[in-house]
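Here's the structure, in structure tokens; my notes come after.
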Amino acid sequence: MFRRAAEVAGEVGEMLNETKKLRRIQLGMPGNKADRDTREKCVEALKYEAGDVLVTLLNLANDAGFSLFDGVQVAFNTKSIQMNFPERL
């Protein structure tokens, strides 16, 4: 299971790297290579990496023996109760 958690961390790192490139575009800063020189290219790369994060989270949850949705539901409902919000999943 540690391997799965490490995969999640690696994919989150790749996703953060894409957000950094997108931020450079937003601020008009240099530093991106030609494959990430437009907002559209950065968003497409970010979309791919976000998908990778979700896939690795699903794999981790499956290996641990629970549904990722169940984890999201518990976290969401717990936070809603703490914040006194009526919404529940």
Salt bridge (Lys or Arg N to Asp or Glu O under 4.0 Å) between K41 and E44, intermediate numbers included: CA-CA 5 Å; K41 290 177 184 177; E44 280 302 308; over 6 Å; no
With sequence neighbours excluded, what pairs up with E11 under the salt bridge (charged side-chain N to carboxylate O under 4.0 Å, His left out) test? none
Hey, any chance L54 and V8 share a hydrophobic cluster, counting ILVMFWY side chains that come within less than 4.5 Å of each other, even indirectly? yes
In the single-linkage hydrophobic clustering (I, L, V, M, F, W, Y; side-chain heavy atoms under 4.5 Å), do L68 and V74 co-cluster? no
Atom of S67, atom of A61 and distance for their closest heavy-atom approach: C-CB, 4.5 Å
If I compare all heavy atoms of A64 with all of M1, which pair ends up nearest, and what's the gap? CB-SD, 3.6 Å
Under a 4.5 Å cut-off applied to non-hydrogen side-chain atoms, are [X] and [Y] in contact?
X: R4; Y: L57; answer: no
X: R23; Y: Q26; answer: yes
X: L46; Y: T19; answer: yes
X: N77; Y: Q73; answer: yes
X: T56; Y: D52; answer: no

Derivation of the side chain to side chain donor-acceptor pair (under 3.5 Å) call for R24 and N32: CA-CA 8 Å; R24 283 185 191 140; N32 289 357; 2.8 Å; yes
Could you go through the side chain to side chain contact (heavy atoms under 4.5 Å, CB included) check for R39 and V43 one step at a time? CA-CA 6 Å; R39 183 184 187 286; V43 168; 3.4 Å; yes
For Y48, look at atom OH and say whether over 12 heavy atoms of other residues, nucleotides or ligands are found less than 6.0 Å away. no
Determine yes or no for a side-chain-to-main-chain donor-acceptor pair under 3.5 angstrom, with S80 supplying the side chain and E87 the backbone. yes
Donor-acceptor pair, side chain of N62 and main chain of L58, under 3.5 angstrom: yes
Would you compute the distance between atom CG of L60 and atom CZ of F2 and round it to the nearest 0.5 angstrom? 11.5 Å
Of all residues at least two apart in sequence or in a different chain, which pass the side-chain contact (heavy atoms from CB on, under 4.5 Å) check with A9? none
Could you go step by step and tell me if E14 and V53 meet the side chain to side chain contact (heavy atoms under 4.5 Å, CB included) rule? CA-CA 9 Å; E14 291 178 21; V53 169; over 6 Å; no
Do E18 and K47 meet the salt-bridge criterion of a basic N to acidic O distance under 4.0 Å? no
